[in-house]
Structure formats: structure tokens, C-alpha cells
Amino acid sequence: MAKLKWKTEQWNVKELKVWEENPRTIDESSFKDLKDSVQQDGDWGVLVIDIDGTVISGNQRLKAIEGQVDVKVPNRPLTDKERKRIALRANRTKGKDNFDILANWNSEDLLSGWIDQSDVDKML
């Protein structure tokens, strides 16, 4: 099987499909935050899709955006195992917040980035 290689393309949201096995969900309040973010800052993220247009990473954003969107497309169809692995890895970061730096930011900026008030209180 060929090694995966990815290219960036623009697709219309109407051409994309929600992945029925997407393991991530979003509550109504968080979805509102996501829509507000897209309205304020545009959609600066890139969706990860399979060659058939199924969204592997970005299913929640897909519901909040319209028109053309940047997507990462593989050079071949993904196996079921690859879909699952990529979906999990795309939604889990290994980085950690540097609270020494964040402590110097004002609370309004921190809260605008979806950090919880309780975390802001700990930093300040």
C-alpha cells in the first residue's frame, strides 16, 4: 500500500460529508462558541478528509462554516484503521500550556480563547 501523502485543496462545504463514525461530539454551548469563533476570525483551520469527501477531522467545524474551505486530502483512500487513528490524533494535542506566559495575558484575551474562568483564576 502506498505511503500516505497529503495535499491541500479547496472544496465546497456542500461536497463534504460528516463521518458517521466520528467519535467526537459537541454540546450546544460549545457549538455556539465555535460558530462565534468562525464569525469573528473566519475558518482558519483545515479539515482532514478522505478522498470521497468524508470529513475525518473537523466535523464540528463543518457544521459551522459555509462556502469554500481548505481541506487536506490523501493520495489514496484511507483504511478504516487509518481513519480512526488520524481522527484520534488530530483531536488530541501533545502540547501543554505555558502558564508562566499565559499569566501575563489579560483575562479577556484568555477567555476569548476558550480557557475556562476557573483556569484563568488559577493563573491570576
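- Remark: R83 pairs with D50, D52 by the salt bridge (charged side-chain N to carboxylate O under 4.0 Å, His left out) rule, at least two apart or across chains.
- For the pair K7 and E9, the salt-bridge criterion is met [side-chain N within less than 4.0 Å of a carboxylate O].
- Proximity of V69 to Q10: side-chain heavy atoms (C-beta onward) are nowhere separated by under 4.5 Å.
- In this structure, OG1 on T54 lies 10.0 Å from CD on E21, to the nearest 0.5 angstrom.
- The side-chain heavy atoms of I51 and R76, taken from C-beta on, include no pair separated by under 4.5 Å.
- Within 6.0 Å of NZ on K32 lie no more than 12 heavy atoms contributed by other residues, nucleotides or ligands.
- Here the shortest heavy-atom pairing between V18 and K63 reads CG2-CE, 4.4 Å.
- When atom types are taken as modelled, the side chain of N12 and the backbone of Q68 share no donor-acceptor pair closer than 3.5 angstrom.
- Put simply, V55 and V46 are part of two different groups of oily side chains (I, L, V, M, F, W, Y) that touch within less than 4.5 Å, one to the next.
- Two residues are said to be in side-chain contact when any heavy atoms from C-beta on lie closer than 4.5 Å; R61 and L47 meet this criterion.
- N59 contributes atom CG, which lies 9.0 Å from atom CD of E20 (distance to the nearest 0.5 angstrom).
- At a threshold of 4.5 Å between non-hydrogen side-chain atoms, the residues N22 and Q60 count as touching.
- Between the side chains of D27 and S30, at least one donor N or O sits under 3.5 Å from an acceptor N or O.
- In this structure, CZ on R24 lies 8.5 Å from CD1 on I26, to the nearest 0.5 angstrom.
- Residue W19 is found in a hydrophobic cluster whose other members, listed by chain and number, are L4, W6, V48, I56, L78, I86; membership requires side-chain heavy atoms under 4.5 Å apart, directly or through intermediates.
- Side chains of V13 and E66 form no contact here, defined as non-hydrogen atoms less than 4.5 Å apart.
- Shortest non-hydrogen contact noted between P77 and E82 is O-OE1, 4.2 Å.
- Remark: D41 pairs with S37, W44 by the side-chain contact (heavy atoms from CB on, under 4.5 Å) rule, at least two apart or across chains.
- To the nearest 0.5 Å, the span separating CG on L62 from OG on S57 amounts to 11.0 Å.
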